Student: 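Dropping a structure here in structure tokens format, bear with me for questions.
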Amino acid sequence: MLSTFDVPRFNTACTCRDRSNTPLQSLTMANSESILELSEYLGSRLMQESAGESDVDRVRYGYRLCFSRTPTQQELTRLVAYVDRCRAGLGDEARVWSAVGRVLMNLDEFVTRE
């Protein structure tokens, strides 16, 4: 998985990392069991550690954890609407926030940090 995301060799000095954005990276993020487990853990953190109990507070906390910033109003609105749709379809709160964690971890900003 590391080579898919352009990790440099460990036995040489690296002054500049190669960066790519390939379909294989998207498939790895979508289908990897380890990524699924990490998104479940992120979802549980959002439920347990957020400063408030509202969906908005949890989404804001997720953005702070993943991107070290607050979401824009458009991002916040879209993700809260996604939470509502997931809640209607999945029902289980843990599965809802795991799905939100998966969305956050699949954003380009999360995968390719500047």
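Bear in mind the structure is a predicted one, so any value in this text is a computation, not a measurement.
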Student: Identify whether the distance between the nearest side-chain nitrogen and carboxylate oxygen of Arg95 and Glu40 falls below 4.0 Å.
Tutor: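 Between Glu40 and Arg95 there is no salt bridge, as every charged N stays at least 4.0 Å from the carboxylate O atoms.
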
Student: For the residue pair Leu79 and Val100, what are the closest heavy atoms and their distance?
Tutor: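 The pair with the smallest heavy-atom distance is CD2-CG1, 4.1 Å.
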
Student: So do Thr77 and Tyr82 actually touch side chain to side chain, heavy atoms under 4.5 Å?
Tutor: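 Not touching, per the 4.5 Å side-chain cut-off.
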
Student: With side-chain contact (heavy atoms from CB on, under 4.5 Å) as the criterion, how do Arg60 and Thr70 come out once you've worked through the C-alpha distance, each side chain's angles and the decisive distance to 0.1 Å?
Tutor: CA-CA 6 Å; Arg60 284 186 177 137; Thr70 57; 5.6 Å; no

Student: Rounded to the nearest 0.5 Å, what's the gap from CD on Glu33 to CD1 on Ile35? Could you check?
Tutor: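 So the CD of Glu33 and the CD1 of Ile35 are separated by 11.5 Å.
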
Student: Tell me, with the steps shown, if Asp55 and Trp97 meet side-chain contact (heavy atoms from CB on, under 4.5 Å).
Tutor: CA-CA 10 Å; Asp55 294 342; Trp97 290 102; 3.4 Å; yes

Student: Would you call Arg58-Glu93 a salt bridge at under 4.0 Å N-O?
Tutor: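 Salt bridge flag = yes for Glu93 with Arg58.
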
Student: Measure the CE-CG distance between Met105 and Leu38 for me, rounded to the nearest 0.5 Å.
Tutor: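 Interatomic distance, Met105 CE to Leu38 CG, rounded to 0.5 Å: 4.5 Å.
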
Student: Side-chain contact, heavy-atom cut-off 4.5 Å: Cys66 with Leu42?
Tutor: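 Answer yes - side chains close enough.
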
Student: Looking at Tyr61 and Glu49, what are the two nearest heavy atoms and their distance?
Tutor: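 Shortest heavy-atom separation between Tyr61 and Glu49 comes out as OH-OE1, 2.6 Å.
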
Student: Is Arg69 salt-bridged to Glu75, going by a charged N under 4.0 Å from an acidic O?
Tutor: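 Result for this pair is yes, salt bridge flagged.
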
Student: Apply the side chain to side chain contact (heavy atoms under 4.5 Å, CB included) test between Cys86 and each candidate in Val103, Asp92, Val96; give the one that qualifies.
Tutor: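 When Val103, Asp92, Val96 are each tested with Cys86, the side chain to side chain contact (heavy atoms under 4.5 Å, CB included) holds only for Val96.
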
Student: Kindly work out whether a path of hydrophobic side-chain contacts (I/L/V/M/F/W/Y, heavy atoms less than 4.5 Å apart) joins Leu107 to Tyr41.
Tutor: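 Different clusters: Leu107 never reaches Tyr41 through Ile, Leu, Val, Met, Phe, Trp or Tyr contacts under 4.5 Å.
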
